[in-house]
Protein chains: 4
Amino acid sequence: MTNKKENILKSALELFANEGFNATSTNKIAQHAAVSEGLIFRHFKNKNGLLTAILESGEEKASRLFATILNQTDSKEVIRKTIELPFCIHKSEYDYWRLQFKLKWEKEYNNSKKIMPLVEKLTWAFSMLKYEKPNLEAQHLIYIFESISIELLKGNLDNQNIYKEFLKYKYTV
Amino acid sequence: MTNKKENILKSALELFANEGFNATSTNKIAQHAAVSEGLIFRHFKNKNGLLTAILESGEEKASRLFATILNQTDSKEVIRKTIELPFCIHKSEYDYWRLQFKLKWEKEYNNSKKIMPLVEKLTWAFSMLKYEKPNLEAQHLIYIFESISIELLKGNLDNQNIYKEFLKYKYTV
Amino acid sequence: MTNKKENILKSALELFANEGFNATSTNKIAQHAAVSEGLIFRHFKNKNGLLTAILESGEEKASRLFATILNQTDSKEVIRKTIELPFCIHKSEYDYWRLQFKLKWEKEYNNSKKIMPLVEKLTWAFSMLKYEKPNLEAQHLIYIFESISIELLKGNLDNQNIYKEFLKYKYTV
Amino acid sequence: MTNKKENILKSALELFANEGFNATSTNKIAQHAAVSEGLIFRHFKNKNGLLTAILESGEEKASRLFATILNQTDSKEVIRKTIELPFCIHKSEYDYWRLQFKLKWEKEYNNSKKIMPLVEKLTWAFSMLKYEKPNLEAQHLIYIFESISIELLKGNLDNQNIYKEFLKYKYTV
DNA sequence: TATGAATGAGTATTCATTCAT
DNA sequence: GATGAATGAATACTCATTCAT
């Protein structure tokens with residue numbers, strides 16, 4: 001991938017994540033990436049193509065993140081890793097995830113099915129640990145997981161570490 | 001308030017909530033409300049003014065919703081009401097709340113302080129019930145509360161009732 | 001004439017003179033005059049009608065101004081009065097005259113014929129005073145007259161009094 | 001400069017000069033120049049930028065015009081050249097100058113200081129010629145100069161040549 | 001007489017996209 | 001691969017004007 005193409009992807013990600021897809025003009029992206037506006041269309045066909053490219057290039061990242069949990073064989077470890085996951089995301093990837101969460105509000109991009117493997121793994125973990133209603137417990141933890149993520153991505157991290165410990169204590173992991 | 005003005009407010013709310021603020025043109029709103037585009041600006045000065053008007057007219061609704069919890073004197077009842085709150089919202093008000101949640105992603109509209117009274121009330125409730133870390137428990141429940149709300153507003157209500165009962169059971173309320 | 005109608009005329013004159021006819025919206029006039037926009041159209045049919053009304057209501061003023069010169073029987077006095085005329089205009093009438101001068105640049109309103117009687121009177125005066133080319137002298141003085149007027153209306157009155165005396169000295173009047 | 005950019009400048013100058021800045025819509029300019037409306041904004045940022053570009057591109061023209069007088073070393077020649085200047089302007093530049101004179105009525109564009117060097121040169125010339133009040137004489141001639149210019153630009157050139165000779169005779173130049 | 005709601009055409013400007021080079 | 005000129009449709013917003021009350 002050429003330097004300029006990558007610049008476009010980076011700039012677009014940053015702008016889409018912070019200002020929103022619709023509020024970001026291709027002109028702004030071009031300026032931010034220091035390339036001509038035409039180049040965006042040469043590389044990505046259109047603005048939506050650019051968004052798709054960003055999302056796809058992040059897909060791998062996302063899979064790798066989940067994989068660390070899905071590969072776990074110890075049930076307690078599955079829960080612990082799930083709780084810790086949002087805190088492990090590197091700041092440099094916040095833009096990508098902020099964009100993902102924003103897009104969830106648009107029907108076309110609401111790919112909530114991606115989290116299903118994690119739900120199933122958690123269900124398995126909770127059933128191993130003899131929780132009464134493992135699937136509801138899994139859903140419960142996912143909800144908490146999502147709220148933490150949102151809070152972190154919005155920059156409200158005040159006492160999140162204390163809360164993380166609180167959670168681990170609650171689940172004795 | 002004249003009929004047409006109200007039409008504009010209704011149409012705009014619906015469109016902003018479903019398509020997003022930026023993605024909704026004033027022209028589209030006018031057509032949807034069956035009024036001239038100019039009328040929007042005569043009544044609300046500009047597109048942002050229209051958004052503000054929508055938000056303000058919903059403010060009251062929101063306060064009333066929270067009030068039912070904040071007035072509670074029984075600690076268990078506070079928790080039970082909090083869990084049930086998202087399920088009590090009438091479908092006709094979904095648009096308003098969906099808009100609110102979408103806007104939380106824009107810095108200018110992130111009024112996360114509005115929920116503070118509820119956090120405090122929950123802290124009080126948990127401390128009354130001798131929970132070890134009442135403020136963390138409050139934050140915890142708020143997180144769950146927000147995730148449920150998001151899920152409901154997005155239309156994923158499949159087994160939410162079962163989950164609600166699960167939660168009430170968990171908190172023995 | 002009702003109070004409100006007069007308010008409209010005054011406000012419109014002020015705004016037309018200072019911001020220009022095209023740059024002044026009827027809305028602005030209405031606000032400035034503290035009346036409803038509709039009233040403007042009730043009284044003057046349309047924006048152009050308002051301009052016409054202003055111009056007509058000033059016509060009389062203008063005629064009276066010129067009359068003081070045209071009635072003169074002493075030739076020297078004619079010249080002296082012509083030189084002094086621009087300086088005699090009351091500040092409160094500057095708006096009217098500024099509007100007049102601005103409109104001269106629009107073909108439709110270029111009524112340069114209004115000054116003809118003055119040209120003729122000056123020609124007469126100069127011929128009485130045995131000037132070689134009285135009609136050219138008249139035209140000459142009119143040019144000076146107009147430049148002074150423009151300068152005064154634009155607010156460049158620095159040393160205009162000295163210049164006035166200089167002129168009177170030049171014409172020995 | 002591309003062909004189309006120049007077309008825009010030419011069309012805008014013509015329309016601004018004849019119909020006025022406010023009365024000329026960018027749409028009209030685009031049609032007149034046979035380009036898309038968007039191109040105006042790509043080249044000049046906004047309507048005001050277009051005006052500025054026109055004015056700047058004429059600046060040079062103006063300087064060159066004045067220079068022929070300012071470089072003069074013979075005092076009589078200075079006066080003669082000043083009198084003749086308005087008559088030397090080529091018809092093709094009338095639009096530019098008409099625009100300049102119109103804009104003088106708007107505060108933002110009233111650059112009356114540009115004529116100062118000419119005033120000073122004339123003062124010098126009149127003092128060389130032993131006129132009693134050289135600075136007032138300079139101002140006087142400038143006033144005449146401006147009135148002639150206005151008359152010519154408005155198309156009232158009937159007997160202007162006779163008047164020009166009259167002036168030269170008056171100043172014996 | 002006076003208001004204020006309402007409109008349709010118009011305004012400057014932006015946008016995503018195309019294309020010749 | 002990369003640019004920059006060019007476009008047409010859209011955008012938020014303004015305007016003069018009408019009309020029912």
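By convention in this document, chain letters (A, B, ...) are assigned in the order of the sequence lines, proteins followed by strands, and residues within each chain are numbered from 1.
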Below 4.0 Å: OP1/OP2 of F/dA6 and any side-chain N or O of D/Arg42: no

Interatomic distance, A/Ile29 CD1 vs F/dT3 P [rounded to whole Å]: 15 Å

First encountered from the 5' end of DNA chain E, between B/Gly38 and A/Lys45: B/Gly38

Derivation of the side-chain hydrogen bond (donor to acceptor under 3.5 Å, both in side chains) call for C/Thr26 and C/Glu37: CA-CA 7 Å; C/Thr26 50; C/Glu37 213 174 340; 2.8 Å; yes

Distance, rounded to the nearest Å, where D/Phe41 contributes CZ and F/dA10 contributes P: 18 Å

Nucleotide F/dT18, atom C1' - distance to CZ of C/Phe44 in whole Å: 18 Å

Residue whose nearest DNA chain E nucleotide is more 5′ - D/Asn27 or B/Val35: B/Val35

Rounded interatomic separation in angstrom, taking CG from B/Asn3 and P from F/dA20: 18 Å

Separation of E/dG4 P from B/Lys5 NZ (nearest whole Å): 13 Å

Of B/Thr24 and C/Asn22, the one whose closest DNA chain F nucleotide lies more 5': B/Thr24

d(NZ, B/Lys47; P, F/dT14) in whole Å: 14 Å

Nucleotide E/dA12, atom P - distance to CD1 of D/Ile40 in whole Å: 9 Å

Under-4.0 Å side-chain N/O to phosphate OP1/OP2 contact, A/Ser36 with F/dG4: no

Cation-pi check, D/Lys102 onto D/Tyr109 ring (under 6.0 Å, within 45° of axis): no

Toward the 5' end of DNA chain F, by each residue's nearest nucleotide, B/Glu37 or A/Leu39: A/Leu39

Distance below 4.0 Å between A/Ser25 side-chain N/O and E/dT14 OP1 or OP2: no

Greater than 12 external heavy atoms within 6.0 Å of D/Lys154's NZ: yes

Atom-to-atom span, CG of C/Asn46 to P of F/dT17 - whole angstrom: 5 Å

Over-ring placement of C/Lys47 relative to C/Phe21, 6.0 Å and 45° cut-offs: yes

Paired nucleotide for F/dT21 [Watson-Crick or G-U wobble; both distances under 3.5 Å]: E/dA2

Heavy-atom neighbours of A/Lys61 NZ exceed 12 at 6.0 Å: yes

Residue-phosphate contact under 4.0 Å: A/Thr26 side-chain N/O, E/dA16 OP1/OP2: yes

Side-chain N or O of D/Lys4 closer than 4.0 Å to phosphate OP1/OP2 of F/dT7: yes

E/dA6 OP1/OP2 closer than 4.0 Å to side-chain N/O of B/His43: yes

